[in-house]
Amino acid sequence: MGIPFDYAPDRPEYIENILSGLDRYNPETTTVFQDYVNQQCEDRTYDCYANLALLKLYQFNPHLTRDETITNILVKALTVFPAPDFSLCLHLLPPHILTPFSGSTSNPAAGDAPLSEAVQKLNVLSNHLAAAQYSAFWQTLDSDDLYADLVADVSGFEELMRVRIAVTVSQAVREVERGVLEGWLSLHGAEFDRFVREVCGWEVGVDEEGVGVVRVPLNKENEAKGTVVRENVKFDRETLSTFFTSPYARVLERCRWTG
Amino acid sequence: MSLAQRLPFQTGDTPARRIEDASDDEEEALVNNYKEQVRFDDELSDAELPMPVGQAQLGEDIQSRIAAAATPLEYQATLETRFASYDNYCSLFHFILNSDGPVDLDVPSYYWAWDVIDEFIYQFNSFCSHRNRVARKGDNAEEIQILRDNPNTWGCYSVLNVLYSLIQRSQMNEQLAAIKRGEDPATVAGDYGSRPLYRMLGYFSIIGLLRVHCLLGDFSLALKTLDDIELNKKAMFARVMAAHFTTYYYVGFSYMMMRRYADAIRMFSHILIYVSRTKNFQKNAQYDSITKKNDQMYALIAICVALCPTRLDDTIHAALREKHGDQFARMQRGGPDSLPIFEDLFRNSCPKFISPTPPDFDNPEINVDPIEHHLSIFMEDVKNNVWSSTLKSYLKLYTTMDLRKLAGFLEAEPEKLRTWLLVNKQRSRQVRWSENGLLDGDIVSTSDLDFALQRVSRTQTF
């Protein structure tokens, strides 16, 4: 019932063929994968396994690298947090990509300084999400025009993020103050009501002091059920026979008679 | 000969422990399998006899290449030696793969095929690390010039090409798929794959790919590579101790980097238990070579357990406390002080990561050690976990608790605490393998502690 990491429901057959054969290393398939990334950005589908294959082609053939495609892949990976996709993408980027750069005075020969800067900016967003600092995520996103450029290609980015945040919230929360959730979703007023009621299916109300409250219906994750730790102890015949000839055997027999 | 070697097995302490461990049947199978392996080791000593007469026609040359291919590179080998070794591998693999039909080679031992693939990848790994180091230091003009002039020596495309070609020639994936379906692999093996030499080279090349992908930081592809291999004691890799060990190390490590800590712990435990139970009768060179990796896996399992508290097998737990007791306790305690310990243990026990392409010799400062790159990404996840053990220790004491009160105990802002709680909840949900390929798995809760956030009951209208 689990979904394998390398599975993507909307993956076209021609991509599947490249991925499962040696063409995944063929530099000529780079453009095919790039187009596929664009398509994912447009129609809101997502295929991490294919995107990693493209990053690997870039890793092997740095001259083919397209910065814009890399950042688009990273932005798409943000939309599936808290899955590890974002960091799996980072692992395939050049090792200096996360090294702090010293602004415009940095060495111009390090040709991809703009890419480093973009990746590190996105990494800040990813860290906010992983740390469940959702308000900080939205504030950072709004803080710099570069962010707007970076997410521009990914259709419905903000809504995809809101849905992901709502999913993680629903796993941990039964009731939360409206003000807190507004910050987490970066939505207010009627827009907030619409999203929370219609998209999430949660209830919006007020308590007796007039403080807005949102109630998340019980689900498998937020019911906070105790877990039973079970240990299986296997007895082989030898142990059992020593057990039956021990003084406990009589107790056991008595149990059988009375029970 | 094998009688003497079986005796220690029968008097060993394995049977006495039977009651403690539910997986003992498996372990027994492991030990039995080990006996088989010991016999292979014996074959080695028999095989050190002079080569058969028919061998002479292949020439001295190929025999020396065969021997060289499985011989460990000397420590601090010069660039010249590394280049010569690369050429040796190229011509040997060319001979094996591109001769007119399958070739007959008399190889020195049962596990020659493993040794060759192992050494081939080790030399690739060590060459790339060396090249990166030379570029970072930037003080050896002569070596820099040689490396600049030969960008394709030990290139990642040629290394992958060798491994994939060996797999394809032997039809290894098709053979393994047939075995999985319960069919006879011989029906799909073809001319090459029906010969032990090609079969073994093909098989171990799959393990080799697992390793190369992991060294390059492609952890999902590393796990995907093993799709056709079933991880159990009947697997062919289990017959060569070093192969067995290597497989579990890289699978466990890849799981760890995919943040599937429960699966990583399962892999590391499995192989560490195996080693601890068989070490009494492993007094050969193969065992010495894995001692270091063994210690590394204890460090890795300590990292994983600190990030995903799990009850370990008693043997492992005792050994872990002996080897990394202090560090383990500090990682479990958490807090900012624990971060340098995670870093130290990771650096000392991770694979020696490499960059596949030649470094930028003109700009030494941008040639970051790949190990530092992967470490910094990994540490982001560790930093997120830094308060979880303190948090859990309080949560365990209460069934319901006011957020502000708990925040007071933890000396944190209620807002901050709320995010810690969300993080904790997120982290306790992990993908865990249950069947099919290694990348498959179900999302499960790995924590023995569960909670939900609720407002203190007051009258509310909805």
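Per chain, numbering begins at 1; letters A, B, ... match sequence-line order.
With respect to the salt-bridge test (charged N to carboxylate O, under 4.0 angstrom), the residues A/Asp193 and A/Arg178 qualify. For the pair A/Asp85 and A/Lys76, the salt-bridge criterion is not met [side-chain N within less than 4.0 Å of a carboxylate O]. The existence of a salt bridge linking B/Glu413 and B/Arg418 is excluded, since no basic side-chain nitrogen approaches an acidic carboxylate oxygen closer than 4.0 Å.
Taking all atoms of both residues into account, the shortest heavy-atom contact from A/Cys200 to A/Val196 is CB-O, 3.3 Å. Across all non-hydrogen atoms, the minimal contact from A/Gln120 to A/Pro100 is OE1-CA, 4.1 Å. Nearest heavy-atom pair, B/Asn132 versus B/Val368, reported as atom, atom and distance to 0.1 Å: OD1-O, 4.0 Å. Scanning both residues, B/Asn161 and B/Ser165, for their nearest heavy atoms gives O-OG, 2.6 Å. The shortest heavy-atom contact between A/Arg197 and A/Val204 is NH2-O, 3.5 Å. Minimum heavy-atom separation, A/Asp47 to A/Arg11: OD2-NE, 2.7 Å.
The candidate from B/Ile377, B/Asn424, B/Thr357, B/Asp381 with the greatest count of non-hydrogen atom pairs under 4.5 Å with chain A is B/Ile377. Taking chain A as the reference chain and counting heavy-atom pairs below 4.5 Å, the highest number among B/Arg427, B/His213, B/Gln168, B/Glu415 is found for B/His213. Interface remark: of the candidates B/Ile443, B/Leu160, B/Leu421, B/Asn436, B/Leu160 forms the most heavy-atom pairs closer than 4.5 Å to chain A. Interface summary for chain A: among B/Gly155, B/Ser376, B/Ser220, B/Ser355, the most heavy-atom pairs under 4.5 angstrom belong to B/Ser220. Comparing B/Leu221, B/Asn385, B/Asn367, B/Leu223 by how many heavy-atom pairs each has under 4.5 Å with chain A, the most go to B/Leu221.
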Run A/Leu181 and A/Leu185 through side-chain contact (heavy atoms from CB on, under 4.5 Å) and show every step you take. CA-CA 6 Å; A/Leu181 190 61; A/Leu185 295 173; 3.9 Å; yes
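Of the two parts of B/Asp218, the backbone and the side chain both hold a non-hydrogen atom closer than 4.5 Å to a non-hydrogen atom of chain A. Of the two parts of A/Val180, only the side chain, counted from C-beta on, holds a non-hydrogen atom closer than 4.5 Å to a non-hydrogen atom of chain B. Heavy-atom distances place the side chain of B/Lys416, and not its backbone, under 4.5 Å from chain A. At a 4.5 Å heavy-atom cutoff, the contact between A/Asn123 and chain B is made by side-chain atoms alone. Residue contact with chain A, scored on non-hydrogen atoms closer than 4.5 Å, involves the side chain of B/Arg429 exclusively. Within the 4.5 angstrom heavy-atom criterion, atoms from both the backbone and the side chain of B/Pro370 approach chain A. Looking at A/Tyr49, the atoms closer than 4.5 Å to chain B (heavy atoms on both sides) all sit in the side chain, from C-beta outward. Of the atoms belonging to A/Leu22, it is side-chain heavy atoms, and not backbone ones, that fall under 4.5 Å from chain B.
In this structure, A/Leu74 CG and A/Thr79 OG1 are separated by 11.5 Å, a value rounded to the nearest 0.5 Å. Here B/Thr310 contributes atom OG1 and B/Leu307 contributes atom CG; the two are 10.0 Å apart, rounded to the nearest 0.5 Å.
A donor-acceptor pair under 3.5 Å is absent between the side-chain atoms of A/Asp6 and the main chain of B/Leu439, judged by distance alone.
Counting heavy atoms from C-beta on, the side chains of B/Lys352 and B/Ile371 come closer than 4.5 Å.
The ring of B/Tyr157 has its center closer than 6.0 angstrom to the ring center of A/Phe60.
Between B/Phe353 and B/Phe346, the ring planes lie parallel to each other; the angle is under 30°, not in the 30° to 60° tilted range.
Residues from residues 127-135 of chain A that place a non-hydrogen atom less than 4.5 Å from a non-hydrogen atom of chain B comprise A/Asn127, A/Leu129, A/Ala130, A/Ala131, A/Ala132, A/Gln133, A/Tyr134, given in numerical order. Listed in order of number, the residues of residues 255-264 of chain B that approach chain A to under 4.5 Å between heavy atoms are B/Met257, B/Met258, B/Arg259.
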